[in-house]
Number of protein chains: 2
Amino acid sequence: MKDRMTPAVRMTGHSQRGQCAKRMSILDAAADVFCRQGFAAASIDEIAAVACVSRQTIYNHYREKETLFVAVVEDVMNRANAMLFSVLSAFPDDADNLEDDLTAFVVRLNKNCICNQDGKFLRKLVQTEGERYPHLFESWRQQGPGKLTTALSALLARLAQKGALVIDDFDVAARQFVALGNADLQMLTLFGGTPTDAELEKAARNAVRTFLRAYGRPAANKSGAQPQLAAVSG
Amino acid sequence: MKDRMTPAVRMTGHSQRGQCAKRMSILDAAADVFCRQGFAAASIDEIAAVACVSRQTIYNHYREKETLFVAVVEDVMNRANAMLFSVLSAFPDDADNLEDDLTAFVVRLNKNCICNQDGKFLRKLVQTEGERYPHLFESWRQQGPGKLTTALSALLARLAQKGALVIDDFDVAARQFVALGNADLQMLTLFGGTPTDAELEKAARNAVRTFLRAYGRPAANKSGAQPQLAAVSG
DNA sequence: GACGTTTTAGACAATGGCGTCTAGTTTTAC
DNA sequence: GTAAAACTAGACGCCATTGTCTAAAACGTC
């Protein structure tokens with residue numbers, strides 16, 4: 001009789017090395033192979049080889065291929081959500097140096113949430129297997145980008161209340177903020193490449209400049225930008 | 001032999017049309033199945049069934065699965081390019097009613113190039129099989145979105161030269177224009193759904209409003225009733 | 001109506017992956 | 001040190017799919 005419960009909590013260092021490490025190794029390898037090959041073309045043998053693990057060990061931990069796939073998606077999603085929360089918690093909340101602060105935020109958002117391996121994996125998987133696994137997609141949609149735009153909407157509203165921005169529709173502005181942040185990187189990320197730090201910086205600066213030209217407080221005149229009249233009658 | 005011929009296929013015309021129709025039927029069916037299942041999971045039998053064609057006919061026209069796949073991608077790409085060219089040729093070139101004209105353009109662009117079946121197919125395929133078929137992807141990149149932003153950059157420059165827009169970097173503005181146009185639809189298209197006309201209209205209007213707030217001529221007051229000075233060098 | 005081309009349905013071997021099983025080895029727990 | 005659990009390597013059956021082949025049938029042309 002296998003007693004899988006024992007090691008994790010009870011024992012300290014050794015058990016972590018044994019089983020938990022195997023599990024994580026399998027999850028990482030599976031994420032890599034699933035991302036590169038897609039679900040159908042990914043073979044358990046290749047995952048086992050990448051994980052440096054016997055195939056039977058995989059079947060021991062995860063009953064079948066689909067179980068492994070679901071576990072991988074949930075694992076990546078948890079990491080991505082934690083990272084997203086962390087990045088969102090550093091959103092600027094005062095009007096001083098708003099352009100620089102927003103630029104730094106966009107850099108962090110793109111670098112750690114959107115252009116990184118997990119973001120690429122989730123986007124790719126959602127597009128390829130989304131129709132086949134609607135529940136997985138729904139979870140990702142609500143906890144991933146859904147949370148992002150919702151949270152950003154509130155954060156932008158906070159800045160608007162302080163007078164730093166003039167926004168009529170916070171949800172629209174949040175979506176546009178994200179879209180502008182990705183505008184220069186979209187083709188690169190679609191290709192699968194990873195932007196350099198310089199590219200991230202430049203893309204973020206372009207995005208924030210345009211965003212502030214559209215939504216910045218009229219009085220706050222930034223370098224060389226033309227003053228805007230932001231009054232929008234219903 | 002048994003006459004289980006499908007009645008629907010009978011409508012096809014004469015000899016040359018017979019073959020050509022078969023080829024197109026195969027291409028359409030293959031595009032459908034490849035898009036839904038991905039290359040690896042798509043089976044020739046299913047494609048044959050969808051196309052109402054014998055499997056041998058497929059192998060007769062296209063030597064093997066990969067040949068068929070390449071032919072499908074090229075076919076869809078040709079259609080998409082033609083549509084993109086057509087839409088781009090209707091980009092507004094005068095400053096009168098710029099907001100409405102740009103909005104209508106964004107609606108057409110999204111409806112006929114980005115959110116339609118071909119656009120969805122290409123995006124999905126590039127993400128899933130892009131690493132496996134770099135040459136296919138490169139072609140799409142240069143002829144698809146690459147052409148879009150390049151052409152848009154020139155078109156925006158034309159508007160700027162006429163004084164309708166104030167743009168410092170046309171390439172950046174072009175990418176941002178596309179990004180803003182998709183901002184409200186991105187999640188929907190990622191899901192695979194098709195936006196309604198109302199959603200398309202609203203998304204385009206939000207995008208153009210923000211774009212013009214950022215890049216519109218300062219004197220030109222939008223969303224008001226009165227047209228401003230219309231003197232522009234024709 | 002006859003002939004050549006195209007299409008069709010089905011059979012066929014070959015391939016490869018999934019999931020199971022077994023026997024032998026290593027690791028862990030006590 | 002010992003026993004139990006986990007891991008490994010490999011073989012195995014099963015099933016789906018690819019691509020080929022063949023005889024029959026449909027189609028278009030003459």
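Labels below follow one simple rule: chain letters A, B, ... track the order of the sequence lines, proteins then strands, and each chain is numbered from 1.
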query = Under 4.0 Å between a side-chain N/O of A/H61 and OP1 or OP2 of D/dC7, yes or no?
reply = yes

query = A/S43 or B/S54: which one's nearest nucleotide on DNA chain C is closer to the 5' end?
reply = B/S54

inquiry  = Between C1' on C/dA13 and OH on B/Y59, what's the gap in Å once rounded to a whole number?
reply    = 14 Å

query = Tell me: NZ of A/K65 to C1' of D/dC15, nearest whole Å?
reply = 14 Å

query = Which pairs with one or both residues in residues 63-83 of chain B pass salt bridge (charged side-chain N to carboxylate O under 4.0 Å, His left out), sequence neighbours excluded?
reply = B/D75-B/R79, B/R79-B/D118

ask   = D/dT18 P sits how many Å from B/L68 CG, rounded?
value = 10 Å

inquiry  = Nearest whole Å is fine: how far is C/dT7 C1' from B/I58 CD1?
reply    = 12 Å

inquiry  = What is the distance, to the nearest angstrom, from the CG atom on A/N60 to the P atom on D/dA5?
reply    = 12 Å

key: SB check A/K124 A/E129 (cutoff 4.0 Å)   = no

query = Counting only side-chain N and O atoms of A/T57, is one of them less than 4.0 Å from OP1 or OP2 of D/dA6?
reply = no

query = Are any of the side-chain nitrogens in B/D184 or B/K202 under 4.0 Å away from the carboxylate oxygens of its partner?
reply = no

task = Starting at atom CD of B/Q56, determine the distance to atom P of C/dC12, rounded to an integer number of angstrom.
result = 16 Å

Any A/K22 side-chain nitrogen or oxygen under 4.0 Å from OP1 or OP2 of D/dT8 = yes

inquiry  = Taking A/C115's backbone N and O only, do any of them form a donor-acceptor pair with A/T189's side chain (distance below 3.5 Å, no angle check)?
reply    = no

Separation of D/dG19 C1' from B/E66 CD (nearest whole Å) = 14 Å

task = Would you classify B/A42 as touching base, sugar-phosphate or nothing, given that sugar-phosphate means primed atoms plus P, OP1 and OP2, and contacts are heavy atoms under 4.0 Å?
result = sugar-phosphate

key: Distance, rounded to the nearest Å, where A/E64 contributes CD and D/dC14 contributes P   = 19 Å

